[in-house]
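Quick note: numbers below take in every heavy atom, side chains included, and nothing from hydrogens, waters or symmetry partners. Here is the naming used below: chain letters follow the sequence lines, and residue numbers restart at 1 for every chain.
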Number of protein chains: 2
Amino acid sequence: MKLITRDTSYALHAICYLAKENDRIISVDELVKELKVPRAFIRKVLQKLNKKGILKSYKGAHGGFSLNKKAKSVYLLDIMQVFQGPFKLNECVFKKKACPELKKCRLKKKLDNIEDYIIKELKEISLKKMISSKKL
Amino acid sequence: MKLITRDTSYALHAICYLAKENDRIISVDELVKELKVPRAFIRKVLQKLNKKGILKSYKGAHGGFSLNKKAKSVYLLDIMQVFQGPFKLNECVFKKKACPELKKCRLKKKLDNIEDYIIKELKEISLKKMISSKKL
DNA sequence: GACAAATGATACTAATATGGTATCATTTAT
DNA sequence: ATAAATGATACCATATTAGTATCATTTGTC
Ligand code: FES
Ligand code: FES
């Protein structure tokens, strides 16, 4: 039961590396050397982040990637959702038909509360906080 | 990105039903009729819960299942872990070798904090709370 | 302009997890 | 003895995750 998949993990580490290097353009080659991650896989990850506007890409010789936003306005939740889609604790599914007890079910309400909390937490963690050396 | 799989969901609903019926022995047939869930699947789910000591089973004619614990001492986390294994936000994996920055990595620390929080939350939700009609 | 160095786009494969089914063995109330 | 139940297991289908490979396009440099 994991909340963060491999691609999200690679993305996080790549983005953290980029953030620490400020606006330097960094090639896939450099990232592969630094992070020891499969080249083809990380390329796909970076391209996706570029399409979502989190990274900027530079084509051609001496090309590469850099952050497209301030480190304090990139959030963990956003990165997770790029690769893992929207967050849903429990769909409350019984086959095809809508859950009959939806309105009075306490379980569903509890789960929704937890979901809201997790989302709030993940939204508060900015890239800046991640790479900071300060506590919390 | 879902935190609760289908089998956990079925388990929760079955267990809630059992809890509401106190110590009555309830057959798979009854559960299937009540919950409209695939018979073979729910059987597997119930057998697993029995092995883990959360349910008691009664074989033979008029057999079935009942709760093996007080509703206030069965927790959501336990049920989830029966089907989904131990909770791990992020394994911090770079291929086979241990993560080199494990000790100073802030990202890892943040994720661990979130993980701890989720576990704490899920541990606090007892079956009794789930089926209660009171708030929170 | 030729060329090399980079990313863009896309299609493919392999491994694992999830969701579900089927079958036969065993136990037990009647 | 028999029918009604669970136990144990093996199997199958689909989706997701993880990873690879290939060719097209862009761009700096000689
Ligand atoms: S989760 Fe749907 S009624 Fe409980
Ligand atoms: S998660 Fe391992 S060094 Fe950051």
Polar atom pairs between nucleotides 6-12 of chain C and protein, under 3.5 Å, N or O only, would you list them?
residue, atom, partner, partner atom, Å
dA6(C), O4', Gly60(A), O, 3.4
dT7(C), OP1, Val28(A), N, 3.0
dT7(C), O3', Ser57(A), OG, 3.4
dG8(C), OP1, Asn50(A), ND2, 2.9
dG8(C), OP1, Ser57(A), OG, 2.5
dG8(C), N7, Arg43(A), NH2, 2.6
dG8(C), N7, Gln47(A), NE2, 3.3
dG8(C), O6, Arg43(A), NH2, 3.4
dA9(C), N7, Gln47(A), OE1, 3.2

Could you write out each protein N or O paired with an N or O of nucleotides 12-14 of chain D at a distance under 3.5 Å?
none

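Atom CG in Leu35(B) sits roughly 14 Å away from atom P in dG20(C) (whole-Å rounding). At whole-Å resolution of the value, CD1 in Ile42(B) and C1' in dA22(C) are 17 Å apart. A straight line from CZ of Phe41(A) to C1' of dA21(D) spans 15 Å, rounded to a whole angstrom. What separates CZ of Arg6(A) from C1' of dA15(C) is a distance of 12 Å, to the nearest Å. Atom CD of Gln84(B) and atom P of dT16(D) are 16 Å apart (whole Å). The CZ-P distance, from Phe83(A) to dG19(D), rounds to 13 Å in whole Å. If you take CD1 of Ile4(B) and C1' of dA17(C), they are 17 Å apart, rounded to a whole angstrom.
Candidate nucleotides dT18(C), dT21(C), dT20(D) were compared by shortest atom distance to the side chain of Thr5(B), and dT18(C) ranks first.
Residues in residues 32-71 of chain A take part in these ring-ring contact (aromatic ring centres under 6.0 Å, His included) pairs, two or more places apart or across chains: Tyr10(A)-Phe41(A). A salt bridge (Lys or Arg N to Asp or Glu O under 4.0 Å) check over residues 38-61 of chain A, counting only residues at least two apart or in different chains, returns the pairs Asp29(A)-Arg39(A).
By the side-chain contact (heavy atoms from CB on, under 4.5 Å) test, Tyr17(A) is found to be paired with Glu21(A), Ile26(A), Glu30(A), Leu31(A), Glu34(A), residues two or more places apart in sequence or in another chain being considered. With sequence neighbours left out, Lys120(A) forms a side-chain contact (heavy atoms from CB on, under 4.5 Å) with Tyr117(A), Glu124(A).
Under a 3.5 Å cut-off, the side chain of Asn68(A) and the backbone N or O of Gly53(A) do form a donor-acceptor pair. With hydrogens and angles disregarded, a donor-acceptor distance shorter than 3.5 Å links the side chain of Gln84(A) to the backbone of Leu3(A). Of the possible donor and acceptor atoms, none in the side chain of Asp7(B) sits under 3.5 Å from a partner among the backbone N and O of Phe83(B).
The neighbour count for Asp116(B) CG, taken as heavy atoms of other residues, nucleotides or ligands under 6.0 Å away, is above 12.
Within the 4.5 Å cutoff, the side chain of Lys70(A) has heavy atoms near those of the Ser73(A) side chain.
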